[in-house]
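Being a predicted model, the structure only gives us computed values, none of them experimental.
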Amino acid sequence: MKIPKNHPRYNSLMQRELIEDGVKRGIVTQTGMIAHGRGEAFDYLLGEKTNPEARKQIGAAAAMLVLAKRPVISVNGNATALCAKEIAGLAKAIPARIEANIFYPPEKRRKIIAREFAKLGAKILGTKPTKKIRGLGSARSNVDAEGIWKADVVLVMLEDGDRTEALRKSGKKVIAIDLNPLSRTAQKANIAIVDNITRAVPMLEKKAGEFRKKGEKLLRAKIKQFNNKKNLDSVLSRMRKGNTK
Ligand code: ATP
């Protein structure tokens, strides 16, 4: 279906097309479509725009990523279908490794995801995971020895709470992009960015580029000032007041 550019919900409809296409190409699972639908509902409640809380969250997250010694961006099928190009750009700007991590089989999805990034000139990890994150069932516990296994900061998107918890228990800092401020992921992350990945990832890239030129002291202060719970509470009250377009 050709969506007219002036359609009031153009971005949201385009994302549906990308997810549908991702399913056809074996990148996204059918369950991934359900997760997308949940995201779409929360995005609607947020007015389908980046709100002031998200800007603060993005600032703190960019500071943490730039200061990290071994940052890794963890990608799944939905993230790849929606914004592989933008993720590749963010990885360059930080700089960070990218690793494919999947919840649902088939395992060959790791290779399909890696191929999508290869088309963009980005070589990613996760096709041959040899290590396991403790406390997790399913394929998502399997990680690359040079990627998430050794990472000090992991950026996750469209994730479930168990994984965020397990990553934190293994001593890593977790930044999550999740449109649901009530999700366990958002609550358990060190920094939760409540925004659509299609908007948040390019903004993170821009901020990371800016922050690479700044001193360590300033970036540390940004992280110190940030309070995840306070920000999530503020997003929730924005939703309650009604923030739709
Ligand atoms: P939890 O276990 O953290 O409580 P969950 O069971 O909902 O959450 P998943 O199904 O893995 O876990 O959730 C995917 C999350 O991603 C949902 O919170 C959904 O709102 C969010 N989401 C979906 N699409 C997007 C998107 N495009 N950008 C950001 N977040 C999204």
Side-chain angles (χ1 to χ4, degrees), residues 50-76 79 83-101 117 122-126 131 133 143-159 161 163-178 181 185-232 234-235:
T50 303
N51 288 296
E53 292 79 14
R55 287 181 200 280
K56 270 194 204 148
Q57 293 157 345
I58 288 167
M64 189 177 271
L65 286 165
V66 167
L67 284 180
K69 296 220 157 35
R70 287 186 75 100
V72 173
I73 305 173
S74 174
V75 294
N76 58 15
C83 55
K85 190 167 161 235
E86 292 76 7
I87 291 169
L90 172 62
K92 254 195 189 161
I94 297 171
R97 292 172 170 85
I98 304 172
E99 177 168 339
N101 185 275
F117 279 93
K123 197 170 169 337
I124 75 165
L125 303 166
K131 297 282 187 188
I133 296 286
V143 296
D144 194 291
E146 292 305 313
I148 291 172
W149 183 252
K150 283 192 187 156
D152 53 348
V153 176
V154 185
L155 170 64
V156 300
M157 29 195 129
L158 286 109
E159 268 304 338
R163 183 154 178 255
T164 303
E165 235 179 328
L167 288 171
R168 290 225 39 198
K169 273 194 187 139
S170 68
K172 301 174 194 311
K173 294 215 170 82
V174 178
I175 300 168
I177 310 178
D178 190 330
T185 307
Q187 305 279 338
K188 300 276 176 192
N190 296 82
I191 300 172
I193 301 170
V194 185
D195 200 7
N196 197 306
I197 58 169
T198 59
R199 296 188 298 267
V201 172
M203 285 180 72
L204 265 175
E205 176 184 345
K206 193 163 167 262
K207 272 275 160 223
E210 269 173 39
F211 284 179
R212 276 185 71 185
K213 297 180 204 118
K214 304 268 183 213
E216 201 177 313
K217 210 169 149 199
L218 185 126
L219 301 186
R220 291 215 180 279
K222 277 212 171 289
I223 300 169
K224 207 164 168 223
Q225 278 158 18
F226 182 79
N227 180 324
N228 197 44
K229 175 151 186 346
K230 203 171 135 202
N231 262 274
L232 291 176
S234 178
V235 176

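Considering only heavy atoms from C-beta on, R168 comes within 4.5 Å of N190 through its side chain. Side-chain atoms of V201 and K85, non-hydrogen and from C-beta on, never get closer than 4.5 Å to each other. By the 4.5 Å heavy-atom criterion applied to side chains, R163 and N101 are counted as neighbours. The shortest side-chain heavy-atom distance between V66 and L219 falls under the 4.5 Å cut-off. I197 is not listed as a side-chain neighbour of E86, based on a closest heavy-atom distance of 4.5 Å or more. Looking at heavy atoms from C-beta onward, L158 lies out of side-chain contact with I177 at the 4.5 angstrom threshold. V75 has its side chain out of reach of E99: every pair of non-hydrogen atoms, C-beta onward, lies at least 4.5 Å apart. Contact check for I73 versus I87: side-chain heavy atoms found under the 4.5 Å cut-off.
No more than 12 heavy atoms of other residues, nucleotides or ligands sit less than 6.0 Å from atom NZ of K188.
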Could you walk me through whether V154 and K173 pass side-chain contact (heavy atoms from CB on, under 4.5 Å), step by step? CA-CA 6 Å; V154 185; K173 294 215 170 82; over 6 Å; no

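Checked against salt bridge (charged side-chain N to carboxylate O under 4.0 Å, His left out), R212 has no partners two or more places apart in sequence or in another chain. With sequence neighbours excluded, no residue satisfies side-chain contact (heavy atoms from CB on, under 4.5 Å) with K92. Listed by chain and number, the residues in a side-chain contact (heavy atoms from CB on, under 4.5 Å) with N228 are A192, F226, L232 (sequence neighbours excluded). Annotation: side-chain contact (heavy atoms from CB on, under 4.5 Å) contacts of D195 (sequence neighbours excluded): T50, A54, I58, I193, R199, A200. For K150, the salt bridge (charged side-chain N to carboxylate O under 4.0 Å, His left out) test picks out E146, with sequence neighbours left out.
A donor-acceptor contact shorter than 3.5 Å links the side chain of D152 to the backbone of K69. Listed for the K214 side chain is no donor-acceptor partner under 3.5 Å among the backbone atoms of A63. Of the possible donor and acceptor atoms, none in the side chain of N51 sits under 3.5 Å from a partner among the backbone N and O of E53.
Across all non-hydrogen atoms, the minimal contact from I94 to P71 is CG2-CG, 4.0 Å. Considering all non-hydrogen atoms of both residues, I98 and A88 come closest at CD1-CA, 4.1 Å. Of all heavy-atom pairs spanning M157 and N76, the tightest one is O-ND2, 3.5 Å. Between P181 and A186, the shortest heavy-atom contact is O-CB, 3.9 Å. Here the closest non-hydrogen pair linking G147 and L125 is CA-CD1, 3.6 Å.
Atom CG of L90 sits about 5.5 Å away from atom CG of L204, to the nearest 0.5 Å. In this structure, OG in S234 is found 8.5 Å from CD in Q57, a value given to the nearest 0.5 Å. Taking NZ from K56 and CG from N231, the interatomic distance works out to 6.0 Å, rounded to the nearest 0.5 Å. The structure places CD1 of I148 at 6.5 Å from CG of L167, a figure rounded to the nearest 0.5 Å. Expressed to the nearest 0.5 Å, how far CZ of R97 lies from CD1 of I124 amounts to 13.5 Å.
Evaluated for a side-chain contact (heavy atoms from CB on, under 4.5 Å) with V174, the options V153, T185, T164, L155 yield exactly one hit, T164.
Taking the charged nitrogens against the carboxylate oxygens, K207 and E210 do have a contact shorter than 4.0 Å, which makes a salt bridge.
Listed by first then second residue, pairs satisfying salt bridge (Lys or Arg N to Asp or Glu O under 4.0 Å) with a partner in residues 216-228 read E216-R220, not counting sequence neighbours.
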